[in-house]
Asks: 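Structure incoming, see below.
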Amino acid sequence: MSLVQELMNQNNIEGFRASDVIKRFTPTEIREAIQNLIANEQNELAYALGDAGLSLFPKSEDMLAMNGLLAILRNDWPQAVEMLEDLKAIQGDQTQPFTFVMLVRALRCNLNPARALEVVREGLALYPDQLELVSEKLSLDEFSDVMVLSESFQ
């Protein structure tokens, strides 16, 4: 039985706890279940499963990535930044371009363009031809230019 099926059936079993079900599954299986729940517009259950998965597997790349994306869906920018920064720290030089892009966007939404520019530069050092990172850098460079101009008028 899949994790999603077990979670759906848990309401029918007295005293059954979600954590008892979840800990039998791998982080990858939990991530896939969350993706399934989101695809079926069961967001609240997906968020709860993400929290539970992260509590069981706090250093899992699958759990950090998925919880970062869930935080983005909720517009919880500080949480998204935290999850994606932790993911980037674990992955190190193996950080994927998508992680850099999502982290840059979360940082921008969290009103931290200076850190976003640092992260986009780190990403471009590893992936100089990645179009989304190049685009983010151009946008952040324009923002920096505007900020410098506005500061000079104050």
Side-chain angles (χ1 to χ4, degrees), residues 2-4 7 18-19 21-154:
S2 77
L3 175 54
V4 172
L7 289 172
S19 63
V21 172
I22 296 165
K23 63 184 167 187
R24 294 196 328 254
F25 291 86
T26 67
T28 300
E29 290 169 322
I30 296 169
R31 176 186 48 79
E32 290 169 353
I34 293 168
Q35 289 171 312
N36 183 297
L37 290 167
I38 292 294
N40 289 300
E41 298 181 9
Q42 295 177 307
N43 294 3
E44 293 306 314
L45 186 54
Y47 299 147
L49 182 55
D51 291 341
L54 188 63
S55 72
L56 291 170
F57 304 103
K59 299 295 182 192
S60 161
E61 292 180 28
D62 278 321
M63 290 296 89
L64 290 168
M66 183 52 63
N67 277 280
L69 293 175
L70 290 172
I72 288 170
L73 284 175
R74 290 189 306 255
N75 295 323
D76 183 348
W77 306 116
Q79 179 74 14
V81 168
E82 180 183 343
M83 294 293 111
L84 295 170
E85 288 275 18
D86 288 351
L87 177 61
K88 190 170 94 46
I90 288 172
Q91 292 179 333
D93 289 344
Q94 302 303 310
T95 301
Q96 298 299 303
F98 183 75
T99 302
F100 281 108
V101 170
M102 292 292 92
L103 178 54
V104 167
R105 291 178 181 167
L107 285 162
R108 289 176 67 161
C109 290
N110 200 41
L111 305 177
N112 193 345
R115 176 69 182 129
L117 189 55
E118 289 174 21
V119 170
V120 85
R121 287 178 179 151
E122 291 173 35
L124 285 170
L126 293 171
Y127 306 101
D129 298 326
Q130 211 286 332
L131 293 178
E132 288 178 285
L133 288 172
V134 170
S135 175
E136 290 291 345
K137 178 159 184 336
L138 291 171
S139 178
L140 286 162
D141 283 344
E142 287 177 20
F143 178 79
S144 294
D145 292 344
V146 169
M147 291 307 296
V148 168
L149 280 173
S150 70
E151 287 174 3
S152 67
F153 288 110
Q154 292 179 356

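No experiment lies behind these values; they were computed from the predicted model shown.
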Asks: Show the numbers, then the answer: is there a side chain to side chain contact (heavy atoms under 4.5 Å, CB included) between Leu69 and Phe98?
Replies: CA-CA 11 Å; Leu69 293 175; Phe98 183 75; 4.0 Å; yes
Asks: Could you grab the distance from atom CD1 of Ile38 to atom CG of Leu70, nearest 0.5 Å is fine?
Replies: 5.5 Å
Asks: Do Val81 and Asn112 have side chains that approach each other closer than 4.5 Å (heavy atoms only, starting at C-beta)?
Replies: no
Asks: About how many Å separate OG1 of Thr99 and NZ of Lys88, when rounded to the nearest 0.5 Å?
Replies: 10.0 Å
Asks: Show the nearest heavy-atom pair for residues Gly68 and Ala80, with the distance to one decimal.
Replies: O-CB, 3.9 Å
Asks: Any non-hydrogen side-chain atom of Phe57 less than 4.5 Å from a side-chain atom of Leu64?
Replies: no
Asks: Looking at Val119, Leu117, Leu111, which one forms a side-chain contact (heavy atoms from CB on, under 4.5 Å) with Arg115?
Replies: Val119
Asks: Are Leu49 and Ile30 packed together at the side-chain level, in the sense that at least one heavy-atom pair is separated by less than 4.5 angstrom?
Replies: yes
Asks: Is Leu107 close to Trp77 at the side-chain level, that is, under 4.5 Å between some pair of heavy atoms?
Replies: no
Asks: CG of Leu103 to CD of Glu85: how many Å apart, nearest 0.5 Å?
Replies: 4.5 Å
Asks: Is any side-chain heavy atom of Glu82 less than 4.5 Å from a side-chain heavy atom of Asp86?
Replies: yes
Asks: Do the side chains of Asp51 and Asn67 get nearer than 4.5 Å, heavy atoms only?
Replies: yes
Asks: How would you list, by chain and number, every residue that makes a side chain to side chain contact (heavy atoms under 4.5 Å, CB included) with Asp76, sequence neighbours excluded?
Replies: Ala71, Arg74, Pro78, Gln79
Asks: Which value, rounded to the nearest 0.5 Å, describes the distance between Met102 atom CE and Leu84 atom CG?
Replies: 8.5 Å
Asks: Report all side-chain donor-acceptor pairs from residues 124-137 shorter than 3.5 Å, counting only partners two or more places apart or in another chain.
Replies:
from: Tyr127; atom 1: OH; to: Thr95; atom 2: O; distance (Å): 2.6
from: Gln130; atom 1: OE1; to: Glu132; atom 2: N; distance (Å): 3.0
from: Gln130; atom 1: OE1; to: Leu133; atom 2: N; distance (Å): 2.8
from: Glu132; atom 1: OE2; to: Arg105; atom 2: NH2; distance (Å): 3.2
from: Glu136; atom 1: OE1; to: Arg108; atom 2: NH1; distance (Å): 2.7
from: Glu136; atom 1: OE2; to: Arg105; atom 2: NE; distance (Å): 2.8
from: Lys137; atom 1: NZ; to: Asp141; atom 2: OD1; distance (Å): 3.3
from: Lys137; atom 1: NZ; to: Asp141; atom 2: OD2; distance (Å): 2.6

Asks: Are side-chain heavy atoms of Arg24 and Glu29 found at a separation under 4.5 Å?
Replies: no
Asks: Below 4.5 Å, heavy atoms only, C-beta onward: do Met63 and Met83 meet side chain to side chain?
Replies: no
Asks: For side chain to side chain contact (heavy atoms under 4.5 Å, CB included), just list the numbers for Asn43 and Leu37, CA-CA rounded to whole Å, side-chain angles, deciding distance to a tenth of an Å, and then say yes or no.
Replies: CA-CA 6 Å; Asn43 294 3; Leu37 290 167; over 6 Å; no
Asks: Report yes or no: do Gln96 and Gln91 form a side-chain donor-acceptor pair below 3.5 Å?
Replies: no
Asks: How far apart are the closest heavy atoms of Lys59 and Ile90, and which atoms are they?
Replies: O-CD1, 3.4 Å
Asks: Between Asn40 and Asn36, is there a donor-acceptor pair closer than 3.5 Å when you use the side chain of the first and the backbone of the second?
Replies: yes
Asks: Let me confirm one number: the CG-CZ distance from Leu140 to Arg121, rounded to the nearest 0.5 Å.
Replies: 9.0 Å
Asks: Hey, is CG on Asn75 packed in by over 12 heavy atoms from elsewhere, all under 6.0 Å?
Replies: yes
